[in-house]
Amino acid sequence: MELEQFDVVIVGAGHGGAQAAIMLRQLKFEGSIAMIGEEPEIPYERPPLSKEYFAGEKEFERIRIRPPQFWDDRAIAMRLSERVTAVDPEARSLTTAAGKSYGYGKLIWATGGHARMLPLPGGDLAGVQGMRTRADADRMKAAAETAAQIVIIGGGYIGLEAAAVLAKAGKKVVLLEALDRVLARVAAEPLSRFFEAEHRAHGVDLRLGATVTAIEGESYATGVRLEGGEVIPADLVLVGIGIVSAVQPLLDAGAKGGNGVAVDIFCATSLPDIYAVGDCALHANGFADGAEIRVESVQNANDMANTAARAICAAPQPYEAVPWFWSNQYDLKLQTVGLSLGYDQTVLRGDPATRSFSLIYLKAGSVIALDSVNAIKDYVQGRALVTGRAKIDPAALADISRPLKELA
Ligand SMILES: Cc1cc2nc3c(=O)[nH]c(=O)nc-3n(C[C@H](O)[C@H](O)[C@H](O)COP(=O)(O)OP(=O)(O)OC[C@H]3O[C@@H](n4cnc5c(N)ncnc54)[C@H](O)[C@@H]3O)c2cc1C
C-alpha cells in the first residue's frame, strides 16, 4: 500500500489545522508537514458562511485563511478531499477513506465537527441541511433564491445569523427554537430577549417552545411538523442545532474522550505524539473553573493550535488563552469575552432599547464574562475584568457613566 511519510501530519484543514501549520513554520520548524482535509478547499474562514459570504457580500477568495501560494511557499503539503478513517498509534500511521496511508512523527487532530442533523422522520430529505461548510452555504444560497419560505430549526448563533441574512434579503423566515428562549445555551435571558425582539422586528416569524417532530415531503422537504400537529410550509429547512465532534477514528484508536477527544494543558491527547485542537478538543478550561468542555470558536481553534505547535517545537506553553467570540446580525455586532458557564448573577449595563449595551456575568461576585452589543468600549475594557476575575460592586458595573477601565 502507498504510504507517504511526514514529520507532522495535521488532520483537518480548517481554522485549527491552518493555524497549527502557520505556527510551526513561524517557530522555524523545518520538518515536513502535511495537512489532510476532507473538504476540497484550502483552509478558509468559517464564520462568514452564515454572514458576509452567505449574504453574497464577500467572495470565496476573500475568506481564504491564506492565499494558495502561502502554503506552497512554506512547503505545507495539502492533501484535500481526503477523509481520515483510522489511526494506528503504534505504527504511527493513518488511513483514509480512499485507502491511502500516511506515516507521521507527530499528529495534530483538528477535525472540528459535522453539523448535527435531526434524527427524525424526514430528517434526511433533500432540502434539509446544516451549515458547516462552504458547500453547505453554497447549496443554501442557491436553494434560498427560489424558496418562498425557509424554516430554520435552532435559535443558536448560526440559525440567528442565517435568519438575519435571509430576512434582510426579503425572504420569509420561520425560526423554530425548542426551548423558551434563543441562545439559551450560551447567554442569559436579557440577551436572548433582545435578539428575539430584533428578529421579530425584521419580520422573522420566531417561535419559542416549538418542538419539531418530523420533516414532511416525498423526496424534497415541503414542511416542518410540530408537536401538536401543525405543519409549517417550507421550501428549504436549515438545521442549526450544533455539531457532532469528528473524533471517532481517534476514539477507536484508544484515545480518551467521548464528546470530543480529551487533551491536557498542552493539547496532547492520551495517545503518544497525538495532539488535538479546536472544536473537537475536550479540555479543562480555566475560564470555566476547570470544567471539561469543548469551545467552538475561532479564538479557541487558533490558540490551541499555537499551543500544540509550541509543544511540538519543544517550547511548551500551557493553554490558558482568554475566550472571545463574536456574532453579526443585521447592524448588530455582538462581542463576547470570557465564558458565562455557571454564572449566578448578571448585570445589565446600558439600555437594550438603545441597541448598545452590555451584559456582565458574575459568579460568586467575580466578573467571569461579558456580552457587548454595539458597545466596543465595554468589550475592550471589560476584558481585564474577566481575566482578573474582578470583584466589583454590581451598581458600579451598571453605571454607564463610569468606563469599565476605571473599575478594573
Ligand atoms: C456558519 C458558522 C459560523 C460561525 N461563526 C463564528 C463566529 O462568528 N465566531 C467564532 O469565533 N466562531 C464561529 N464559528 C465557529 C468556528 O468556525 C469554529 O469554532 C472553527 O472553525 C473551529 O476550527 P476547527 O479547526 O476546530 O474546525 P473546522 O474549522 O471545522 O475544521 C475542521 C476541518 O476538518 C475536516 N475534517 C473532519 N473530519 C475529518 C477527517 N476524518 N479527515 C479529514 N478531514 C476532516 C472538516 O471537514 C473541516 O474542514 C462558526 C462556525 C460556523 C459553521
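All residue numbers in this chain count up from 1 along the given sequence. Note that ligands are numbered from 1 as they come in the structure, with each ligand's atoms numbered from 1 the same way.
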Tell me whether [X] has any N or O atom under 3.5 angstrom from an N or O of ligand 1.
| X | answer |
| --- | --- |
| E39 | yes |
| S327 | no |
| R46 | yes |
| V298 | yes |
| E161 | no |

Quick one: which ligand 1 atoms are inside 4.0 Å of a heavy atom on S50?
-> 1 (C), 2 (C), 3 (C)

Interfacing atoms of ligand 1 (cut-off 4.0 Å, heavy-atom, A301) =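 With A301 as reference, the close atoms of ligand 1 come out as 22 (C), 23 (O).
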
Please step through side chain to side chain donor-acceptor pair (under 3.5 Å) for the pair E296 and Y157, ending with a clear verdict.
-> CA-CA 11 Å; E296 296 172 16; Y157 285 120; over 6 Å; no

Give a yes or no on whether [X] atom [atom1] has more than 12 heavy-atom contacts from other residues, nucleotides or ligands under 6.0 Å away.
| X | atom1 | result |
| --- | --- | --- |
| R181 | CZ | yes |
| I400 | CD1 | no |
| K141 | NZ | yes |
| E61 | CD | yes |
| K58 | NZ | yes |

With respect to [atom], which of [options] exhibits the smallest heavy-atom separation?
| atom | options | value |
| --- | --- | --- |
| atom 19 (O) of ligand 1 | I65, N302, D279 | D279 |
| atom 32 (C) of ligand 1 | P249, G12, A110 | A110 |
| atom 5 (N) of ligand 1 | R79, M131, K51 | K51 |
| atom 9 (N) of ligand 1 | W109, W326, Y53 | W326 |
| atom 42 (N) of ligand 1 | V84, D136, L250, T85 | V84 |
| atom 2 (C) of ligand 1 | V277, L49, N328, I158 | I158 |

Determine whether the side chain, the backbone, both or neither of [X] has a heavy atom under 4.0 Å from any heavy atom of ligand 1.
| X | answer |
| --- | --- |
| P47 | both |
| V11 | side chain |
| T111 | both |
| S297 | both |

To the nearest 0.5 angstrom, please state how far the OH atom of Y330 sits from the NE2 atom of H202.
-> 5.5 Å

Rounded to the nearest 0.5 Å, how far does CD of E292 lie from CG of N285?
->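 Between atom CG of N285 and atom CD of E292 there are 10.5 Å.
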
For D371 and Y361, does a side-chain donor sit closer than 3.5 Å to a side-chain acceptor?
->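 Looking only at side-chain atoms, Y361 and D371 do form a donor-acceptor pair, the distance falling under 3.5 Å.
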
Quick one: are the ring centres of Y44 and Y53 less than 6.0 Å apart?
-> no

Does some non-hydrogen atom of E45 fall short of 4.0 Å from ligand 1?
->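 The answer is no, since E45 has no heavy atom less than 4.0 Å from ligand 1.
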
Does a side-chain N-to-carboxylate-O contact under 4.0 Å join D273 and K106?
->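 Salt bridge present between D273 and K106.
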
